[in-house]
Amino acid sequence: MLEKGKIGGRQAVYLNVTMIVATALLGAPALMAAQARQDAWLSSLLATLLGIPLALLTVKLSSLYPGKTLIEYLEEIIGRWPGKVLGLLYLFYFIHITSIMIREYGGFLVDALMPQTPLIVFNITVVAISAYTIKLGLEVLARAHQFFFPWIVFSLALTFLLATPQVDLTRLLPVFESGAVPILKGSLTPTAWHGEIIAFAMIIPFLAKPDQARSIALYSIGYVGVIFFFLVIGSLATFGPGIASMNYPVLNEIRLISITKIIDRMEPFIVAIWVTGGLMKVAFFYYVIVLGSAQWLKLRDYRPLALPLGAILVALSIAVAENTMQTFDFIAHVWPLYALTAFEMGFPVVLLAIALARKKGESALD
Amino acid sequence: MGIYFRKRKRPRPIGVSEKTSPPDGNHNSADNTSESLLLSTDIEENLQYLQAIFENCSDVVYREFLLAQQEQIKLALIYTDGLTDKSQVSEQIMRALALEMSMATDSTEITRANALHYVKMRGLCIHQIQESQRLEDVVDAVLSGDTVLLVDGHATALINGNRGWESRSIEDSKTEIVVRGPRESFVETLRTNTSMLRRKIKNPNLKIETLQLGQVTKTDIAVAYIKGIVNEGLVSEVKKRLGRINIDGVLESGYIEELIKDNPMSVFPTISHTDRPDRVAANLLEGRVAILVDGTPVALTAPYLFIEAIQTPEDYYEQSFFASGVRVLRIASLFLALTLPSLYVAIISFHQEMLPTPLLLSIAAQREAVPFPVFVEAFIMEVAFEIIRETGIRLPRPVGQAVSIVAALIIGEAAVQAGLVAGATIIVVALTAMASFTVYYSGSIALRLLRFPLMFLAAFLGLFGLISGLIIMVVHLASLRSFGVPYLAPVAPIITEDLKDSAVRAPWWAMDKRPHLIGQNNPRREAPGLKPHPPRERKR
């Protein structure tokens with residue numbers, strides 16, 4: 001096997017949570033509020049509910065082919081060449097969303113921390129550090145991530161708590177103002193984020209106890225749901241549905257924090273902690289890409305692919321969008337359909353159907 | 001090659017044989033090939049042999065005398081002056097054999113043929129005697145401080161264990177100071193050190209295996225562990241790594257540390273060193289292995305985890321609440337020692353909005369006259385501090401105080417007044433320096449080194465640069481292992497049970513298990529339910 005390391009259940013949950021939350025926390029409340037207005041918190045709950053079947057789908061597929069990653073079992077399900085083609089598409093998909101992530105992330109750093117620094121500086125730094133991490137293997141990635149994870153959660157909790165003086169829950173009223181449809185629309189993007197759990201299919205074989213995969217996936221979706229919920233409630237109750245026009249509502253929420261003029265303007269700190277989360281997310285997807293490519297090409301080692309693919313990611317991250325608004329527009333309007341209909345839900349459902357049918361056929365032959 | 005160079009299984013590295021040849025290199029060259037050279041029955045021949053080996057070794061003493069018997073039996077003592085207890089040599093060996101043996105035995109019984117037996121059984125008043133027929137054992141014994149007794153007509157040497165040399169007495173630990181707890185520290189003599197361990201752990205399961213390393217120095221190394229607690233795989237791994245070592249000399253345990261380290265290219269120590277017997281004993285009780293080296297008071301213990309940088313022996317002696325508080329303080333110091341200068345640089349150059357306005361204004365006012373960017377300023381001061389620290393260590397004691405006053409005055413006061421640096425920078429540098437001393441010494445070395453690259457990163461990319469540096473550092477730490485144990489345990493991978501002895505130190509009744517990854521062989525170190533409580537039901 002390409003990867004010799006094993007990761008524990010808890011590490012996998014942490015990885016999954018960061019993999020979904022880290023970039024989503026920047027703009028998620030705004031994207032949901034753009035559709036659902038003050039009912040965005042309902043959207044986030046709905047998205048979590050919709051995320052559960054996606055997680056189960058991912059895990060079910062992997063459980064039919066134990067010890068194989070997504071790229072590997074594709075070929076088993078639909079045959080060698082179609083499998084190769086679909087595998088390539090999946091790799092393209094991962095490369096695409098990773099480059100968007102890097103773009104989103106670099107853009108955020110430029111906007112929030114260092115407006116005069118060129119975007120590419122951040123993109124290169126993020127990819128370089130991720131490349132270093134994945135060269136050391138999945139175990140190291142999981143361990144380093146485990147080290148940072150409590151800080152990320154702590155910073156989110158701290159944000160929420162310190163922002164309570166600004167919170168006014170009446171801003172959530174009236175509930176259900178314009179019916180169910182906007183709530184459903186608002187939940188599309190977060191559902192697509194939950195659907196990123198498909199990347200988990202690439203590391204299920206490396207779990208120390210693969211039979212835990214199901215509960216790991218469910219716990220991950222649950223934690224992500226809780227985090228989304230609090231992020232949305234926090235920024236909605238602070239600003240009201242006006243967050244729809246903000247780029248980074250959670251960041252603005254932090255900017256308002258001022259406790260006796262001493263704890264004041266603490267966003268660089270919080271941002272610095274988020275940087276670790278975003279970096280770990282990029283590193284994780286980068287790892288998935290590199291590992292997947294190596295398996296697709298049937299190489300014996302994935303490490304030589306790290307730098308070339310990193311170069312592609314950096315270049316794409318600049319080319320993928322012209323500016324932050326375009327990035328968010330893509331994430332809000334294009335990506336959910338593209339992700340959900342094809343890679344996160346559409347393909348897995350079809351694959352599962354074929355796989356189940358084949359398994360049934362095989363057992364009938366026996 | 002000298003004859004007392006034992007045969008080695010592995011080929012000797014090229015060039016070592018010439019370099020390490022002792023002065024007698026040419027003697028007995030004909031016998032080089034034989035595995036072990038035996039003594040002859042002729043005492044004169046043996047003496048000639050030994051004198052040839054020890055040619056120009058003015059500290060080796062030969063003393064020939066006669067046994068106090070009717071038959072003239074010649075004896076010879078060979079020992080190294082200064083390594084042997086001379087009063088024992090004269091009282092218990094020479095006096096006993098040359099004068100008193102005739103009183104103890106019927107003199108007619110002793111003949112040339114049984115002299116050796118009588119000398120050993122009746123004559124010598126030495127507690128530890130070994131017999132050997134091999135010349136190289138004799139040479140080793142003489143060089144180790146034992147006294148060798150040769151008896152004419154016998155091809156066997158009696159090796160008397162009466163080593164005794166000048167050594168430092170046991171003193172307070174110089175590097176790890178405690179308020180509460182044992183004061184003693186190791187000394188340069190291996191036997192004294194092992195005896196200190198044995199006194200703390202009176203158990204036959206405390207195993208102390210010795211071996212010799214260093215082809216020239218022949219330094220004694222002791223590997224100590226507690227059988228039944230330690231993981232046998234760890235012991236064999238330690239021995240395997242020690243067995244790899246083929247070096248001319250081992251003068252300090254640092255040689256060994258670098259030769260058996262897991263990741264040789266890391267600035268972080270993965271083997272701990274200490275001069276405190278209580279620390280070593282505690283480590284052994286947790287299932288670690290200790291390596292003691294003759295000639296140095298510094299012992300090594302492995303595996304060493306990152307978390308140990310904030311643990312001191314005293315934490316386990318003081319009450320747990322206080323110890324936990326101090327540990328939190330040390331974690332904060334560790335963080336400050338690593339990042340404070342870079343945080344300062346990042347905030348002053350990029351994120352001024354983080355400071356409360358009055359503070360920002362006062363710093364800006366201080367920096368008005370300073371001609372350098374804040375990074376240059378902080379960098380100069382950090383370097384200056386490192387110079388002062390190095391001076392403080394190397395200075396001869398008498399001038400030390402004078403120089404430190406000058407340094408403090410010049411760096412502290414004059415530099416600010418001259419407008420070279422801002423007062424705030426001095427505070428930052430001083431706090432960083434103080435903070436780095438709260439952390440376990442060899443851990444703080446890594447922090448000292450990494451502070452500078454972090455400052456560079458902070459100067460270029462602000463907080464993002466600093467965080468990037470920290471991420472790289474953590475990723476590197478996560479990739480390290482010390483003898484198979486992940487370096488960041490018990491934090492990553494998280495081991496809930498072991499968190500009792502991390503940022504907090506749980507009371508002894510709660511720490512009932514050994515560290516999971518180290519002591520898994522014998523996980524329980526105390527009975528459960530030891531928490532003291534008043535009797536449940538009062539007797540009436």
Side-chain angles (χ1 to χ4, degrees), chain A residues 5-11 14 105-106 108-110 112-117 121-122 125-126 128-130 132-137 139-151 208 255 258 260-280 283, chain B residues 263 265-266 305-307 331 335 339 342-343 346-360 454 457-481 484-496 499 502-503 516-517:
Chain A
K6 289 278 174 205
I7 60 173
R10 212 188 305 227
Q11 289 178 334
Y14 294 169
Y105 220 77
F108 170 69
L109 285 167
V110 171
L113 270 186
M114 306 181 77
Q116 290 174 352
T117 308
V121 173
F122 296 111
T125 315
V126 167
I129 297 175
S130 307
Y132 172 66
T133 311
I134 64 174
K135 281 214 165 194
L136 293 170
E139 251 181 22
V140 172
L141 172 65
R143 249 185 259 147
H145 178 258
Q146 193 171 25
F147 188 88
F148 289 122
F149 187 74
W151 295 101
R255 284 186 169 141
S258 170
T260 66
K261 303 259 179 199
I262 295 174
I263 302 177
D264 202 10
R265 306 289 317 227
M266 54 186 296
E267 82 264 14
F269 261 123
I270 303 283
V271 167
I273 293 171
W274 289 356
V275 167
T276 60
L279 216 140
M280 289 294 141
Chain B
N263 186 340
M265 293 308 287
S266 173
L305 307 181
F306 188 67
I307 193 82
I331 293 177
F335 189 74
T339 61
S342 23
L343 260 180
I347 289 177
I348 298 295
S349 4
F350 294 99
H351 314 288
Q352 299 88 348
E353 74 275 12
M354 282 177 71
L355 294 177
T357 317
L359 178 59
L360 182 64
L454 282 183
L457 285 171
F460 285 117
L461 285 171
L463 270 182
F464 174 72
L466 171 59
I467 285 287
S468 305
L470 288 179
I471 292 174
I472 295 174
M473 196 187 94
V474 170
V475 168
H476 171 69
L477 285 174
S479 74
L480 291 183
R481 280 169 182 272
V485 181
Y487 196 48
L488 284 182
V491 178
I494 197 156
I495 297 156
T496 328
L499 289 179
S502 57
H516 178 69
L517 291 174

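Here is how names work: the chains are called A, B, and so on, in the same order as the sequence lines, proteins then strands, and each is numbered from 1.
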Among [options], which residue forms the greatest number of heavy-atom pairs with chain A at distances under 4.5 Å?
options: L463(B), L470(B), L480(B), I471(B); result: I471(B)
options: S468(B), A489(B), P356(B), S479(B); result: S479(B)
options: P493(B), G465(B), A346(B); result: P493(B)

So side chain to side chain donor-acceptor pair (under 3.5 Å) across residues 139-148 of chain A, not counting sequence neighbours, yields Q11(A)-Q146(A), T18(A)-H145(A), E139(A)-R143(A), E139(A)-R481(B)
Of the backbone (N, CA, C, O) and the side chain (C-beta and beyond), which part of L488(B) lies under 4.5 Å from a heavy atom of chain A, both, or neither?
->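 For L488(B), the side chain is the part near chain A, not the backbone.
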Chain A contact via L466(B) - side chain, backbone, both or neither, heavy atoms under 4.5 Å =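 No part of it gets close to chain A.
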Segment of [X] engaging chain B (4.5 angstrom heavy-atom cut-off):
X: V121(A); value: side chain
X: F148(A); value: side chain
X: L113(A); value: both

Between OG1 on residue T125(A) and CZ on residue F460(B), distance to nearest 0.5 Å = 12.0 Å
Euclidean distance, I494(B) CD1 relative to F149(A) CZ, rounded to 0.5 Å =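 Atom-to-atom, F149(A):CZ and I494(B):CD1 are 11.0 Å apart.
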Looking only at heavy atoms, what is the nearest atom pair of [X] and [Y], with distance?
X: A478(B); Y: A144(A); answer: CB-N, 3.7 Å
X: F147(A); Y: V474(B); answer: CD2-CG1, 3.7 Å
X: L461(B); Y: M114(A); answer: O-SD, 3.1 Å

For atom OH of Y132(A), decide whether the heavy atoms of other residues, nucleotides or ligands shown that lie under 6.0 angstrom number more than 12.
-> yes
Looking at T133(A), L141(A), T117(A), which has the largest count of heavy-atom pairs under 4.5 Å with chain B?
-> T133(A)
For H351(B) and V271(A), run side-chain contact (heavy atoms from CB on, under 4.5 Å): C-alpha distance rounded to whole Å, both residues' side-chain angles, the deciding distance at 0.1 Å, then the answer.
-> CA-CA 12 Å; H351(B) 314 288; V271(A) 167; over 6 Å; no
Taking only residues two or more places apart in sequence, or in another chain, which ones meet S349(B) in a side chain to side chain donor-acceptor pair (under 3.5 Å)?
->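 Once residues adjacent in sequence are excluded, S349(B) has no partner under the side chain to side chain donor-acceptor pair (under 3.5 Å) criterion.
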